[in-house]
Amino acid sequence: QVQLVESGGGLAQPGGSLTLSCAASGFTFSNYAMSWARQGPGKGVEWVSSINSDGLDTYYAPTVKGRATVSRDNSKNTLYLQVNGLKPEDTALYYCVKERGPIATMGANNDYWGQGTQVTVSS
């Protein structure tokens, strides 16, 4: 069965950096686009970033563009999200999301979610 396991969250200081990872199993990872979504306290789900199956095309929400980098290692079935210049408003539960096809849709066409990893940005 499809499994998506996020890691790398934690407490970070404003201005700091974090790299999140998502280990995927149960499907042919290299065939599918992947996305990151987040949900902050008292907020709805925000789509953060998305990457095509081959890793050549990436997309970002305006709130993280210029500070985040999404990447994937298809040989390791792993998705990554690096966020620099962290802000308190980046505090959220971050989810790894599988898309239904090879083209990234920023979550518009998703089918499986991980359990999430908590990121807290505070001094």
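Residue indices begin at 1 and follow the sequence shown.
- A donor-acceptor pair under 3.5 Å is absent between the side-chain atoms of S53 and the main chain of A33, judged by distance alone.
- Placement of V48 and Y59 in two distinct hydrophobic clusters is found when ILVMFWY residues are connected by side-chain heavy-atom separations under 4.5 Å, directly or transitively.
- Looking only at side-chain heavy atoms (C-beta outward), R38 and T63 come within less than 4.5 Å of each other.
- Residues V70 and Q82 have side chains not in contact (no heavy-atom distance under 4.5 Å, counting atoms from C-beta outward).
- Atom-to-atom distance recorded for C96:SG and N110:CG is 11.0 Å, nearest 0.5 angstrom.
- Atoms CD and OG1, on Q39 and T91 in that order, are 13.5 Å from each other to the nearest 0.5 Å.
- Put simply, the side chain of Y94 reaches to within 4.5 Å of the side chain of L81, judged on heavy atoms.
- Across L86 and A12, no two heavy atoms sit closer than the pair CD1-CB, 3.6 Å.
- A pairwise comparison of heavy atoms in W113 and V45 identifies CH2-CG1, 3.9 Å as the closest pair.
- Linking ILVMFWY residues whenever their side-chain heavy atoms come closer than 4.5 Å, directly or via other members, leaves V64 and W47 in distinct clusters.
- D73 contributes no side-chain N or O that, together with a main-chain N or O of T78, makes up a donor-acceptor pair within less than 3.5 Å.
- For the residue pair E99 and T105, a side-chain donor N or O sits within less than 3.5 Å of a side-chain acceptor on the partner.
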Scan the side chains in residues 115-123 for donor-acceptor partners under 3.5 Å anywhere in the protein, sequence neighbours excluded, and list what turns up.
from	atom 1	to	atom 2	distance (Å)
T117	OG1	G9	N	3.1
Q118	NE2	A92	O	3.4

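- Residues Y32 and I103 do not share a hydrophobic cluster, clusters being chains of Ile/Leu/Val/Met/Phe/Trp/Tyr side chains in contact below 4.5 Å.
- Listed here is the closest heavy atom pair of M106 and S49: SD-C, 3.6 Å.
- Placement of W36 and Y80 in two distinct hydrophobic clusters is found when ILVMFWY residues are connected by side-chain heavy-atom separations under 4.5 Å, directly or transitively.
- Under a cutoff of 6.0 Å and an axis angle of 45°, K65 and Y60 do not form a cation-pi pair.
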N/O donor-acceptor pairs under 3.5 Å from side chains in residues 13-31, not counting sequence neighbours:
from	atom 1	to	atom 2	distance (Å)
S17	OG	N84	OD1	2.9

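- Note that CE of M34 and CG of L79 are 5.0 Å apart. Values are rounded to the nearest 0.5 Å.
- Distance check: S50 OG to N52 CG gives 7.0 Å after rounding to the nearest 0.5 Å.
- Follow the hydrophobic side-chain contacts under 4.5 Å out from V97 and you reach L93 in the same cluster.
- Taking 4.0 Å as the cut-off between side-chain N and carboxylate O, D54 and R72 do not count as a salt-bridged pair.
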